[in-house]
Amino acid sequence: QVRLVESGGGLVQAGGSLRLSCAASGRTFSINAMGWFRQAPGKERMFVAAFNWSGGSTYYTDSVKGRFTISRDNAKNTVYLQMNSLKPEDTAVYYCAVASVEADPGEYDYWGQGTQVTVSS
């Protein structure tokens, strides 16, 4: 029902910046929230940031506060993740996700394919 395509990942040195994009298509009128998650090798997928589509509230995990910024373009059904002051610990596959109006509370029901972010020391 909702298709997500991420882009913008790459290889950067510690202290550098990247901007990730996630474009949604399909039944975009059903979007309740869009968020970013990340998963490092051998680790569980973890929450990074989210944007409530109707209210405009933003949420961040503590480890990225002050460094990452999530934003949106309503007309394009797109969210962005601006990542500054990157650290090697930020290395992971980053996934965009949608929580539709039909999702269980606190759950995301659509996922993108992921984009690799690698930060060298």
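In what follows, every heavy atom counts, from backbone to side chain, and hydrogens, waters and symmetry copies are set aside.
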Engineer: How many angstroms lie between atom NZ of Lys76 and atom OG of Ser25, to the nearest 0.5 angstrom?
Structural biologist: 15.0 Å
Engineer: To check you understand the geometry: which heavy-atom pair defines the closest contact between Tyr108 and Ala99, and what is its length?
Structural biologist: CD2-N, 3.4 Å
Engineer: Suppose we screen for ring-ring contact (aromatic ring centres under 6.0 Å, His included). Which residues come up paired with Tyr59, at least two apart in sequence or across chains?
Structural biologist: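 For Tyr59 there are no ring-ring contact (aromatic ring centres under 6.0 Å, His included) partners, ignoring immediate neighbours.
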Engineer: Kindly give the heavy-atom pair with the smallest separation between Ser17 and Asn84, and that separation in Å.
Structural biologist: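 Heavy atoms of Ser17 and Asn84 come nearest at OG-OD1, 2.9 Å.
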Engineer: Does Arg72 qualify as a cation-pi partner of Tyr80, given the criterion of NZ or CZ under 6.0 Å from the six-membered ring centre and within 45 degrees of its axis?
Structural biologist: no
Engineer: Donor-acceptor check, side chain of Asp104 to backbone of Glu107, threshold 3.5 angstrom: yes or no?
Structural biologist: no
Engineer: What residues join Met46 in its hydrophobic cluster, counting side-chain heavy atom gaps under 4.5 Å, either direct or through other members?
Structural biologist: none
Engineer: Sequence neighbours excluded, which residues qualify as side-chain contact (heavy atoms from CB on, under 4.5 Å) partners of Glu102?
Structural biologist: Gln1, Ser100
Engineer: Other than Val117, which residues form its hydrophobic cluster under the rule that side-chain heavy atoms must be closer than 4.5 Å?
Structural biologist: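 Hydrophobic cluster check, Val117: joined to Val2, Leu4, Val12, Leu18, Leu20, Ile31, Met34, Trp36, Val48, Phe51, Trp53, Tyr60, Val64, Phe68, Ile70, Val79, Leu81, Met83, Leu86, Tyr94, Val98, Tyr110, Val119.
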Engineer: Spell out, as yes or no, whether a donor-acceptor pair under 3.5 Å connects the side chain of Arg67 to the backbone of Ser85.
Structural biologist: yes
Engineer: At what distance, to the nearest 0.5 angstrom, does CG of Asp109 lie from OG of Ser30?
Structural biologist: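 Asp109 atom CG to Ser30 atom OG measures 7.5 Å (nearest 0.5 Å).
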Engineer: Check side-chain contact (heavy atoms from CB on, under 4.5 Å) between Arg45 and all other residues, then give those that pass, not counting sequence neighbours.
Structural biologist: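 So Arg45 forms a side-chain contact (heavy atoms from CB on, under 4.5 Å) with Phe37, Gln39, Tyr95, Trp111.
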Engineer: Take Glu6 and Ser21 through the test side chain to side chain contact (heavy atoms under 4.5 Å, CB included) and record every step on the way to the result.
Structural biologist: CA-CA 6 Å; Glu6 304 103 324; Ser21 299; over 6 Å; no
Engineer: At their closest point, which heavy atom of Pro88 faces which heavy atom of Ser121, and how far apart are they?
Structural biologist: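 For Pro88 and Ser121, the tightest heavy-atom pair comes out as CG-CB, 3.9 Å.
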Engineer: Applying side-chain hydrogen bond (donor to acceptor under 3.5 Å, both in side chains) to Thr118 and Gln116, what does each step give before you reach the verdict?
Structural biologist: CA-CA 6 Å; Thr118 302; Gln116 177 70 48; 3.3 Å; yes
Engineer: Restricting to salt bridge (Lys or Arg N to Asp or Glu O under 4.0 Å), what partner residues turn up for Lys87, sequence neighbours left out?
Structural biologist: none
